[in-house]
Amino acid sequence: MAKKVRVRFAPSPTGGLHLGGVRTVLYNYLFAKKYGGDFLVRIEDTDQSRYVAGAEEYIFDTLKWCGLQPDESVQHGGSYGPYRQSERKASYRQYAEQLVKDGYAYYAFDTTEDLEKMRLEHKTEQNPSPQYDHTVRMKMSNSLVLSTEETQNKLSEGTRHVIRIKMPEQETVSFTDMIRGEIHFETSLVDDKVLLKADGMPTYHLAVVVDDHLMQISHAFRGEEWLPSAPVHILLWKYLFGLEHMPQWAHFPLILGPNGKLSKRDGAKYGFPVFAMNWTDPKTNELIEGFKEKGFLPDAFINLLALLGWNDGSEQEIFSKEELVEKFSMERVHSAGAKFDYEKAKWFNHEWIKRYEVGSLKSEVKTLFSNNNITVSDDALLEKVISLVKDRCHLLPDFVQQSSFFFQAPATLDTDAVKPKWNEDKKNFFIAYAEKLGSTEWNAAGLENSFKDLATEKSIKPGELQLPFRIMLVGGKFGPPVFHIAELLGKDETVSRINTAINLFS
RNA sequence: GGCCCGUUCGUCUAAGGGUUAGGACACCACCCUUUCACGGUGGUGAUACGAGUUCGAAUCUCGUACGGGCUACCA
């Protein structure tokens, strides 16, 4: 049977595209692709109050960067649209009314104040959050209590109302979760969830079931936070379309921050990104930095995400997207939540940078340099530089720190590291070396040999001269081996930097 | 409070009745390197607790504790 999975997004990136959200997308994608199925993306924009401008574009940009392109969506087309829930509004009411007709749901006319009053009245220490359930529904204003006539009158008067599911009083709802196995719920403990809101929009509960049916979804995967509302969805499937047509469920474990479920606040608080890409909240202007901008490669990002809650049973940790598709299996997804570890995340990125060919890194590094006002005119040089420094870079911006001095002379030199041990002998050595460079074979080994020969000749330990040389070329105590740097810098530049620095040190 | 899910090194995890409980990140030491890193070698470090089943339990069962999620006309 053809497999089809879907992922849904609220119209706010904070509701969907933090680490946990992207991982949910990833697992859905991997599962679909593994079995040659389709991956569908739906926008669940039913709550106007939470709508954030630009969020939808941001969601698709993120999917694109991650390489998790949907087969069906608002942007990619498909024959099961519309893929935006607000555009499907018309069809939900008929399903809700069908449920009322069949006795599985009812109209409720309670105002916000009525509900608050009810909660206040029933609130005790034993029951801090009272539910609208079988214990109170007969005391409220709804079509279960009102006569048919009264109900009809209210409806024709246009009284604001919602449609609620009528949870059975004594029933056990069971289903099989692909990750957790059999799960049971007592319906008497579940509340009468709103299915259709007063504005005519469905809640998630109704929408997910109706849309999954209409879009012929075969597998419904989502985060563990949805587990408590699963019995509502199971019952809706039973009432509306039949349990035999219900998709198979799986609830993924949560990704945890240092304190429970990862929140967007955790990023700022603990200094690591929680979103795939930069997001500026249009209301607060607050910028939340993304993994992309922080310098992560998409391959590394999905790799580390995939391993947060799944592994293939071997000791392999680095997987390409293709390997993930091949090796992914729902059976090996864990049931326990995983705490996100930024240090390990950076390790994944480092591994990927090391594995990347120079050519694949080139455009990223170029952009990075131009953002830092460093002009790269020589592509061949850039390639050599990348291959020389990439093993030392954990995040893309490390390239700037590790190699900007190849393209422009250091603005300041760490003279403090040199001056205390600087003397006439050393000065003379470098004057002589700069001259000797004219006739030196121009490669790292040749440079090193002539450097050491000259040092011996002048009776200075080469080791004492290497640090000053490095500071002259690089500006500080970092970077690749100094003779490799000189080789790539070229004769003129090397001599020029030596001469500039001699004046500075003296 | 109620319901649901969970519990192996600090973190991510392997081991689906029999292993000196394995690997990775982080940390520490040494080596390499007269820069900073990378890399290499080694080390510290875990089955939440209590019963039960069994010749034998991290693994199966029950209880306890702890953690997390949900408890909205949000998703």
Side-chain angles (χ1 to χ4, degrees), chain A residues 8-12 14-16 44-47 49-50 108 110-112 115 119 123-133 160-164 177 179-180 183-186 188-191 193-199 201-205 207-208 222-231 251 253-254 256 258-261 304 307-318 334-348 350-351 354 389-394 398 401-402 414 417 461-467 469-471 474 476-482 485:
Chain A
R8 91 314 121 168
F9 287 106
S12 139
T14 57
E44 311 220 334
D45 56 343
T46 56
D47 185 359
S49 70
R50 281 183 54 161
D110 314 279
T111 62
T112 312
L115 292 174
R119 292 199 175 102
K123 190 170 173 174
T124 62
E125 216 160 277
Q126 300 304 309
N127 184 13
S129 30
Q131 308 191 112
Y132 197 121
D133 60 16
R160 279 179 73 82
H161 65 277
V162 301
I163 293 179
R164 286 179 181 271
D177 184 283
I179 296 168
R180 289 153 219 280
I183 300 176
H184 312 274
F185 294 89
E186 294 304 323
S188 62
L189 271 4
V190 182
D191 62 335
K193 287 263 184 296
V194 169
L195 265 20
L196 197 75
K197 299 189 269 187
D199 63 3
M201 284 286 198
T203 58
Y204 172 82
H205 308 296
V208 76
R222 75 243 277 205
E224 193 187 343
E225 70 270 30
W226 289 103
L227 210 37
S229 52
H251 291 86
L254 265 11
L256 279 2
N259 290 305
K261 190 177 165 187
L304 72 93
L307 273 280
L308 224 44
W310 170 89
N311 70 81
D312 76 338
S314 74
E315 280 173 3
Q316 183 177 351
E317 295 200 85
I318 304 299
H334 306 148
S335 45
K339 202 176 279 185
F340 174 68
D341 179 1
Y342 189 45
E343 293 306 318
K344 182 109 186 200
K346 284 191 282 193
W347 174 81
F348 274 107
H350 182 212
E351 291 300 312
K354 284 196 287 182
V389 305
K390 74 190 182 88
D391 285 4
R392 359 173 33 105
C393 298
H394 291 248
D398 292 346
Q401 151 82 357
Q402 289 293 332
D414 183 3
K461 284 186 204 150
E464 289 186 23
L465 294 162
Q466 278 198 29
L467 183 65
F469 192 31
R470 166 174 298 281
I471 304 286
V474 174
K477 290 193 273 187
F478 57 87
V482 70
I485 296 173

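Chain identifiers are assigned alphabetically (A, B, ...) following the order of the sequence lines, protein sequences preceding nucleic acid strands; residue numbering begins at 1 within each chain. Values reported hereafter were calculated over all heavy atoms of this structure, with side chains retained and with hydrogens, waters and symmetry mates removed.
A gap of 40 Å separates the C1' atoms of B:C12 and B:C73, to the nearest Å. Taking the C1' atoms as reference points, B:A21 lies 13 Å from B:G45, given to the whole Å. The C1' atoms of B:C55 and B:U7 are separated by 29 Å, rounded to the nearest whole Å. Comparing B:A57 with B:U20, their P atoms sit 15 Å apart, to the nearest whole Å. Remark: the separation of the C1' atoms in B:U8 and B:C49 is 15 Å, to the nearest Å. Taking atom P on both nucleotides, B:A37 is separated from B:A29 by 13 Å, rounded to a whole Å.
Here the straight-line distance linking atom NZ of A:K354 with atom CZ of A:R392 works out to 12.5 Å at 0.5 Å rounding.
As a whole-Å value, the separation of A:K339 NZ from B:U13 C1' is 15 Å. Look at CD on A:E224: it is 13 Å from C1' on B:C3, rounded to the nearest Å.
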I need a per-nucleotide contact map over nucleotides 40-49 of chain B, read 5' to 3'. Cutoff is protein heavy atoms under 4.0 Å; write B for the base, S for backbone only, - otherwise. ----------
Protein proximity profile, nucleotides 22-38 of chain B - base contact B, sugar-phosphate-only contact S, no contact -, cut-off 4.0 Å on heavy atoms: SSBB--------BBBBS
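Under the Watson-Crick and G-U wobble criteria, each requiring two contacts below 3.5 Å, nucleotide B:G39 is paired to B:C31. The base-pairing partner of B:G1, taking Watson-Crick or G-U wobble contacts with both distances under 3.5 Å, is B:U71. If you check B:U61 for Watson-Crick or wobble pairing at under 3.5 angstrom, you find it paired to B:A51. Shown here, B:U8 forms no base pair; nothing in the strands shown gives a Watson-Crick or G-U wobble contact with both key distances under 3.5 Å.
Note on A:D341 versus A:K339: no salt bridge recorded, every NZ/NE/NH1/NH2 to OD/OE distance being 4.0 Å or above.
The residue from A:R222, A:E224, A:E225 that alone fulfils the side-chain hydrogen bond (donor to acceptor under 3.5 Å, both in side chains) condition with A:H251 is A:R222.
In terms of heavy-atom proximity, A:L227 sits nearest to A:I183 at CD1-CD1, 3.9 Å. The two residues A:C393 and A:V389 have their closest heavy-atom pair at SG-O, 3.5 Å. When all heavy atoms are compared, the tightest approach of A:K477 to A:R470 is CA-CD, 4.2 Å.
Close to B:U13, at under 4.0 Å from its OP1 or OP2, lies a side-chain N or O of A:H334. Close to B:A75, at under 4.0 Å from its OP1 or OP2, lies a side-chain N or O of A:T46. Taking only side-chain nitrogens and oxygens, A:K197 never comes nearer than 4.0 Å to OP1 or OP2 of B:A72. For the OP1/OP2 pair of B:C12 and a distance below 4.0 Å, the side-chain nitrogens and oxygens of A:N311 include no atom meeting the criterion.
Residue A:I179 is the one, among A:L115 and A:I179, whose nearest nucleotide of RNA chain B lies closer to the 5' end (criterion: closest heavy atom).
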